[in-house]
Chemist: 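Let me give you the structure first, and then I'll get to my questions.
All values below come from the heavy atoms of this structure, side chains included, with hydrogens, waters and symmetry mates left out. Atoms within each ligand, like the ligands themselves, are counted from 1 in listed order. The structure presented is a predicted model; accordingly, all values stated were derived computationally and were not measured.
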Amino acid sequence: MIINGKDLASQIESEIREEIKTIGIPKLVAIVVGADEGTKSYMRSIQKVGEKLGIEVELVDLPKESSTDEVRNVISGLSSQKDGIIVGRPFPLHIDEQQIIASILPEKDVDCLHPINLGLLFLGTPRFSPCTPQAVIEILNRTNTTICGKKVTIVGRSNIVGKPLAMMLSKRGVDATVTVCHTKTQNLSVHTRNADILIAAAGYPCLINAEMVKSGAIVIDVGVNLKDGKLVGDVNFPDVEPKASLITPVPGGVGPITTRILMKNVLLAKRLSSKI
Ligand code: NAD
């Protein structure tokens, strides 16, 4: 069965609209520095989702020459006015990304990038859940997938997807047995074929084919790649789909859920700041 990310996203939207009735309009600011078109377009899509849901999203587009200190000053100036702050990455090379992230107040860090928030996540007591990993978990939960005791293979070990997702899935109470693969993994297909749940987050178009997937496995494709002018995932969808029991498409799978999880985090940040 193909998982319709847009349907799941609209379920989450209804929950968000209900919550806004109680807590009022949350405010998010998205800051980009000399961003490429891909990052800008992601930020615009966040703005559109915000508009649709009644969440205020301000986009701050700083010139690419901005220094690390200038960006930090903009962040600290906006901190008192906004519930949540996100920054567009990658930054220009002269910018110190870790300093920028550390300058976001942890209670406004709705993308869950700050070391304190990642530390809390690691300890199993998260404040925010990182958006894309949480989107994967929402898909599994909302399709009534049993995670406990299942063998999960994640292809990709980035700080924003693979690593936090491994933490979240292996946490006590979720209880998956997780294997994390990366570019130096040998015999990748041995690990992918072993998986009851396979999560592709490598950023490599059509890396996963049918031979690499166990029959009946659940396949979640996080990858977003441009190939021959078309958006494709890390999974060769037409090849793998007949073999999977559940599979997400690209586009229309994980992506729409990620942006709604971000909005849920903005609501949580507002509740935290107003102690609602
Ligand atoms: P990244 O480049 O930071 O990390 C990719 C990881 O995959 C690395 O750990 C690398 O070791 C591993 N990898 C790459 N090629 C591999 C291969 N051939 N075999 C095994 N491992 C391999 O990327 P990221 O930021 O984690 O993003 C991964 C993908 O997910 C990208 O396509 C990105 O666009 C997409 N993404 C989607 C969403 C969403 O909401 N849908 C959000 C974030 C990222």
Chemist: Do any nitrogen or oxygen atoms of Val161 come within less than 3.5 Å of a nitrogen or oxygen of ligand 1?
Modeler: no
Chemist: Can you tell me how far CD1 of Ile199 sits from CD1 of Ile137, rounded to the nearest 0.5 angstrom?
Modeler: 8.0 Å
Chemist: For atom 10 (C) of ligand 1, what is the closest protein heavy atom, and at what distance to 0.1 Å?
Modeler: Thr183 CG2, 3.9 Å
Chemist: Between Asp109 and Asn117, do the side chains contain a donor N or O and an acceptor N or O under 3.5 Å apart?
Modeler: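 Present: a donor and an acceptor within the cut-off.
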Chemist: Around atom 42 (C) of ligand 1, find the nearest protein heavy atom and jot down its residue, atom name and distance.
Modeler: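 Looking at atom 42 (C) of ligand 1, the protein heavy atom closest to it is Thr132 OG1, 3.1 Å.
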Chemist: May I ask you to list the atoms of ligand 1 that are less than 4.0 angstrom from any heavy atom of Val155?
Modeler: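 Those atoms are 20 (C), 21 (N).
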Chemist: Any carboxylate oxygen within less than 4.0 angstrom of a Lys/Arg side-chain nitrogen, looking at Glu51 and Lys48?
Modeler: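 So Glu51 does not pair with Lys48 through a salt bridge.
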Chemist: Look only at interatomic distance and state if Ser158 has a nitrogen or oxygen under 3.5 Å from any nitrogen or oxygen of ligand 1.
Modeler: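 Yes, Ser158 has an N/O under 3.5 Å of an N/O on ligand 1.
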Chemist: Do Asp36 and Thr39 meet the criterion of a side-chain donor-acceptor pair at a distance under 3.5 Å?
Modeler: yes
Chemist: Nearest 0.5 Å, please: how far is CG in Asn209 from NZ in Lys243?
Modeler: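 Output value for this atom pair is 8.5 Å.
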Chemist: Taking a cutoff of less than 4.0 Å between a non-hydrogen atom of the residue and any ligand atom, is Ile160 in contact with ligand 1?
Modeler: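 Checking ligand 1 against Ile160, which is what was asked, there is a heavy-atom contact under 4.0 Å.
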Chemist: Testing Ile31, Leu113, Ile75 for side chain to side chain contact (heavy atoms under 4.5 Å, CB included) with Ile100, which one passes?
Modeler: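 It is Ile75; the other options fail the test.
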Chemist: Please write down residue, atom name and distance for the protein heavy atom closest to atom 21 (N) of ligand 1.
Modeler: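 Here the closest protein heavy atom is His182 C, 3.1 Å.
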Chemist: So which protein heavy atom does atom 5 (C) of ligand 1 come closest to, and at what separation?
Modeler: Ala202 O, 3.4 Å
Chemist: Please identify which atoms of ligand 1 are closer than 4.0 Å to at least one heavy atom of Asn225.
Modeler: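 It comes down to these atoms of ligand 1: 32 (O).
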Chemist: Does ligand 1 have any atom that is closer than 4.0 Å to a heavy atom of Ala201?
Modeler: yes
Chemist: Please report the C-alpha distance between Glu15 and Arg260 in whole Å, then the side-chain angles of each, then the deciding distance to 0.1 Å, and finally whether the salt bridge (Lys or Arg N to Asp or Glu O under 4.0 Å) criterion is met.
Modeler: CA-CA 10 Å; Glu15 295 160 15; Arg260 275 63 177 187; over 6 Å; no
Chemist: Strictly below 4.0 Å, N to O, side chains only: are Arg271 and Glu19 in salt-bridge contact?
Modeler: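 Result for this pair is yes, salt bridge flagged.
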Chemist: Evaluate the 4.0 Å heavy atom contact test for atom 18 (N) of ligand 1: does a protein atom fall under the cut-off?
Modeler: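 Yes, there is one.
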Chemist: Could you identify the single nearest non-hydrogen protein atom to atom 39 (C) of ligand 1 and state the distance to 0.1 Å?
Modeler: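 Looking at atom 39 (C) of ligand 1, the protein heavy atom closest to it is Thr258 OG1, 3.9 Å.
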Chemist: Looking only at protein heavy atoms, which one is nearest to atom 34 (O) of ligand 1, and how far off is it?
Modeler: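 Closest protein heavy atom to atom 34 (O) of ligand 1: Val224 O, 3.3 Å.
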Chemist: For atom 6 (C) of ligand 1, grab the closest protein heavy atom and report residue, atom and distance to one decimal in Å.
Modeler: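 Ranking protein heavy atoms by distance from atom 6 (C) of ligand 1, first comes Gly156 CA, 3.6 Å.
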Chemist: Indicate yes or no: at least one non-hydrogen side-chain atom of Ile12 is less than 4.5 angstrom from one of Lys264.
Modeler: yes
Chemist: Pick one of side chain, backbone, both or neither for how Leu207 approaches ligand 1, counting any non-hydrogen atom pair under 4.0 Å.
Modeler: side chain
Chemist: Which of the atoms of ligand 1 are close to Gly255, meaning less than 4.0 Å from one of its heavy atoms?
Modeler: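 Ligand 1 atoms under the 4.0 Å threshold to Gly255: 40 (O), 41 (N).
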Chemist: List the atom of Val219, the atom of Ala244, and the distance in Å for their closest heavy-atom pair.
Modeler: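 Here Val219 and Ala244 meet closest at CG2-CB, 3.9 Å.
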Chemist: Applying a heavy-atom cut-off of 4.0 Å, say which part of Asn159 lies close to ligand 1: side chain, backbone, both or neither.
Modeler: neither
Chemist: Among all protein heavy atoms, pick the one closest to atom 41 (N) of ligand 1 and tell me residue, atom and distance.
Modeler: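 Among all protein heavy atoms, the one nearest atom 41 (N) of ligand 1 is Val222 O, 3.5 Å.
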Chemist: Could you tell me whether Arg89 and Glu97 have a side-chain N and a carboxylate O separated by less than 4.0 Å?
Modeler: yes
